[in-house]
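In what follows, a structure is listed as structure tokens, so that the remarks can point back to it.
Not measured: the values here are computed from a predicted model. Naming convention: chains lettered A, B, ... in sequence-line order (proteins, then strands); numbering from 1 in each chain. Side-chain atoms are counted along with the backbone in the values below, which use heavy atoms only and exclude waters and symmetry mates.
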2 protein chains.
Amino acid sequence: MARRRQTVTIKHVAADAGVSLQTVSRVINNEPNVRPEMQERVREAIARLGYVPSIAAQRMSGSRSYLILALNDRDRTIADWRARQGSDWVDQMLLGGMLQCAEHGYRMIFELVDTHNDHVERELLAAIAALQPDGVVLTPPHSDNPLIVGVLARQNIPFARIGSLGRGGGIPLIMDDEGSARKATQALIELGHRRIGFIAGNAEYSLSQWRVDGWRAAMADAGLPTDGLLAASDFSFATGTSAARTLLGQAERPTAIIASNDQTALASLDVAHALGLAVPDDLSLISFDNTPVVRFARPALSAVDQPVAETVARAVDLIIAAQRDGTVPAAPVVVPAGLVLRESVAPPRG
Amino acid sequence: MARRRQTVTIKHVAADAGVSLQTVSRVINNEPNVRPEMQERVREAIARLGYVPSIAAQRMSGSRSYLILALNDRDRTIADWRARQGSDWVDQMLLGGMLQCAEHGYRMIFELVDTHNDHVERELLAAIAALQPDGVVLTPPHSDNPLIVGVLARQNIPFARIGSLGRGGGIPLIMDDEGSARKATQALIELGHRRIGFIAGNAEYSLSQWRVDGWRAAMADAGLPTDGLLAASDFSFATGTSAARTLLGQAERPTAIIASNDQTALASLDVAHALGLAVPDDLSLISFDNTPVVRFARPALSAVDQPVAETVARAVDLIIAAQRDGTVPAAPVVVPAGLVLRESVAPPRG
DNA sequence: TTGAAAGCGCTAACAT
DNA sequence: ATGTTAGCGCTTTCAA
């Protein structure tokens, strides 16, 4: 159908301003060696004609594409969308990433990629070949996928790795998982809790281990044992239920539980109800993520607030800086997380 | 930095297969006039080299960009993201739109545009000039914005208008707002309710009126009056609260309320509690949208389920069909909505 | 400081 | 049925 051409091109601007294409191009790209009066004349022509460069043409001639690719795990993301449990990870990514891209005149393209697939490399290379992005934002578990990291490193594309400290290239950013697990644990200890259980998350995500580490460190600092207080999950409600049952089924059960995400925290709340335990009087509960649902739970759940938007915004800034002048942070970027205390936390009974 | 060139281009494929560029191009685009054996040879070369066409180059040569722009209202979307109330409109759009785009080899680019801005036209034209999208998906309230619709119509870009029946170009799609309001009203009538209040939504959205119409029609069909049973809101919790107060503050108060979205329904629930009214025994409640939060309300709210993902997927299909062969549906597309009954609905007391 | 020429990867139009 | 030519809009050489 209707083959559309650019309505206003650099040629029109050049003609209108009475200069060469080159001068216009220089002005667009803020290059030196243009007299102020020329600048002025060109800018006026651009404004008058409503000219906006075609990113396709810019990319074609070897310049930037002004596109940043944000990659999420396909299965998990689609499952979250379908479940409609209120997980707003994607929204927070967009909030931070898309708006920050816009600040720099870039666009964020959101894509889903299968992590558990031998075609990952092909899939990713195809996206790169088709879009020619100037940078890529990786989220867990992709951030630690050696195949993905390898492709990006070899292609020499600046990329951020959210939730990873891995080596092998890219800019690592973490949301201070260890620190916030520690903070949550300390908050409970200060309330008088001594037996604080922890439900670990999917081991495929490095951050799961960091959270466990933070909890363990805080317990050790306070001279408290952790035996029998750690249970595993894969972040799902079902495995959270088993984990909570294990923890709460013991003779000497914990008076508080920290769960590695909201789903396992909600599962713990359910198990507590089933066992006739009152929250927070018999059991205090803190979760990770602070997605919308925890506010609507009864009682409302306390939670570590993951600064997703802020972290992705930082990632975008760093990617753009990297592709402009090759600068990357010397050390991993640590974005501090908050702890939101709600009704689910109280001193232990008795 | 590092000026990257396409690693594998159509030239490489042509050389590898021993044919001309054109033949490769024809195979890529499934054009006729290529012998099966040639097809075969080219496809093998493509697979062997891992070739993927650059969409920038494709667009440059006057072909498609394989990009579809999805436009949402900036203020509202950002406010929703920041509020973290669990609205998953954007996620459902992506679920339906992005996946359907992928089916066709397209990509969806999500953008925010200010509807209340005299630069709308410029903003939109800039996005079009930069990206050269093959189509645009409009959501409310953009779908009925004459400035936006005008630009798209003039630029001759296929576009879908979700939640609009407006004329003036584009493909209108609605989620059967009138029908579902009617269905919800009828469900309450069948339970024995006779005084059924309705909280209308933001008048800027056409669908607000359609929902009112559906309620009014169902009431009329049952021979029930609607005087004093309609209250206005702008979809916000605050205005929902006033609306509920107005409805429930009357001498002869309604025994059921249908709210035009989840926020106003939650507000009604709050007001009912404040007035000492039990839900559902003293007051039945049905909302629109069925976002995640309603499931977590106590009692869980019944809701009309807006088929957002399905509607956006349809929109993508229609846009692609339109730009391929110019075909557009003769009549507005109506995607049926569901009614999910939960604890908030019961027969009226007494 | 400015301009002219060449080419990015691909497709449309025109040969053959 | 296949190949050749020209050109999309822009930036990068290179020249003046």
Side-chain angles (χ1 to χ4, degrees), chain A residues 1-42 46 49 51-67 105 126 128-132 134, chain B residues 1-42 45-46 49-67 105 126 128-132 134:
Chain A
M1 284 256 54
R3 56 192 296 72
R4 275 174 295 102
R5 284 240 171 72
Q6 209 79 344
T7 25
V8 182
T9 73
I10 197 170
K11 269 189 196 160
H12 299 103
V13 177
D16 187 277
V19 299
S20 73
L21 301 189
Q22 216 24 249
T23 305
V24 178
S25 174
R26 288 191 178 104
V27 172
I28 294 169
N29 296 296
N30 291 314
E31 278 167 28
N33 298 337
V34 183
R35 279 180 312 179
E37 40 192 295
M38 276 278 145
Q39 285 245 9
E40 180 72 2
R41 242 200 308 161
V42 172
I46 289 177
L49 301 179
Y51 168 70
V52 176
S54 151
I55 64 170
Q58 292 186 123
R59 174 67 245 180
M60 278 302 296
S61 50
S63 162
R64 284 163 289 184
S65 66
Y66 297 99
L67 258 25
I128 292 172
L131 295 169
Q132 302 271 51
D134 289 337
Chain B
M1 284 249 59
R3 55 188 302 70
R4 275 172 296 102
R5 284 241 171 69
Q6 209 78 344
T7 25
V8 182
T9 73
I10 197 170
K11 270 190 196 161
H12 299 102
V13 178
D16 188 277
V19 299
S20 72
L21 301 189
Q22 210 30 246
T23 303
V24 178
S25 175
R26 288 192 179 104
V27 172
I28 295 169
N29 296 295
N30 290 311
E31 278 168 29
N33 298 337
V34 183
R35 276 182 313 181
E37 39 193 298
M38 277 278 144
Q39 286 246 10
E40 180 73 2
R41 243 201 305 162
V42 173
I46 289 177
L49 301 177
Y51 167 71
V52 176
S54 150
I55 64 168
Q58 292 187 124
R59 175 65 243 183
M60 278 302 295
S61 53
S63 160
R64 284 162 289 183
S65 66
Y66 297 99
L67 258 26
I128 292 172
L131 297 168
Q132 301 270 56
D134 289 337

Where do B/Gln132 and B/Ala129 come nearest, in terms of heavy atoms and distance? CG-O, 3.8 Å
Nearest whole Å is fine: how far is D/dA16 C1' from A/Asn33 CG? 14 Å
d(NZ, B/Lys11; C1', C/dC8) in whole Å: 9 Å
Return the nearest nucleotide to the side chain of B/Met38; candidates are D/dT2, C/dC10, D/dC10. D/dT2
Apply the test side-chain contact (heavy atoms from CB on, under 4.5 Å) to residues A/Ile128 and B/Gln6: give CA-CA distance (whole Å), side-chain angles for both, the deciding distance (0.1 Å), then the verdict. CA-CA 9 Å; A/Ile128 292 172; B/Gln6 209 78 344; over 6 Å; no
Acceptor/donor pairs from residues 12-27 of chain A side chains to any protein atom, 3.5 angstrom cut, sequence neighbours excluded:
unit_1  : atom_1 : unit_2  : atom_2 : d
A/His12 : ND1    : A/Thr9  : N      : 2.8
A/His12 : ND1    : A/Thr9  : OG1    : 3.2
A/Asp16 : OD1    : A/Arg48 : NE     : 3.4
A/Asp16 : OD1    : A/Arg48 : NH2    : 2.7
A/Ser20 : OG     : A/Gln22 : N      : 3.3
A/Ser20 : OG     : A/Thr23 : N      : 3.3
A/Ser20 : OG     : A/Thr23 : OG1    : 3.3

Distance check: side-chain N/O of A/Gln58 vs OP1/OP2 of D/dC10, anything under 4.0 Å? no
Show your working on side-chain contact (heavy atoms from CB on, under 4.5 Å) between B/Val52 and B/Ile46 and close with a plain yes or no. CA-CA 8 Å; B/Val52 176; B/Ile46 289 177; over 6 Å; no
Atom-to-atom span, CD1 of B/Ile10 to P of D/dG3 - whole angstrom: 12 Å
Of all heavy-atom pairs linking B/Tyr51 and B/Val8, the shortest is CD1-O, 3.4 Å
Would you please confirm or rule out a distance under 4.0 Å between OP1 or OP2 of C/dC10 and any side-chain N or O of B/Tyr66? no
Would you kindly give the CG-to-C1' distance between A/Leu131 and C/dG9, to the nearest whole Å? 15 Å
Please give, in whole Å, the distance from D/dG9 P to B/Arg59 CZ? 9 Å
Can you list, by residue number, the residues of residues 14-30 of chain A that have a non-hydrogen atom closer than 4.0 angstrom to DNA chain D? A/Gln22, A/Ser25, A/Asn29
Rounded distance (Å) that lies between atom C1' of C/dG3 and atom CZ of A/Arg35: 13 Å
Identify the two heavy atoms, one from B/Ser65 and one from B/Arg59, that lie closest to each other, and give their separation to 0.1 Å. CB-CD, 3.5 Å
Using atom CD of B/Gln132 as one end and atom C1' of C/dT11 as the other, report the distance to the nearest whole Å. 15 Å
What is the distance from CE of B/Met60 to P of C/dT11, rounded to the nearest Å? 13 Å
Once you apply a heavy-atom cut-off of 4.0 Å, does B/Pro32 come out as touching a base, just sugar-phosphate, or nothing? nothing
Of the non-hydrogen atoms in A/Ser61 and A/Gln58, which two are nearest, and what is the gap between them? OG-O, 3.1 Å
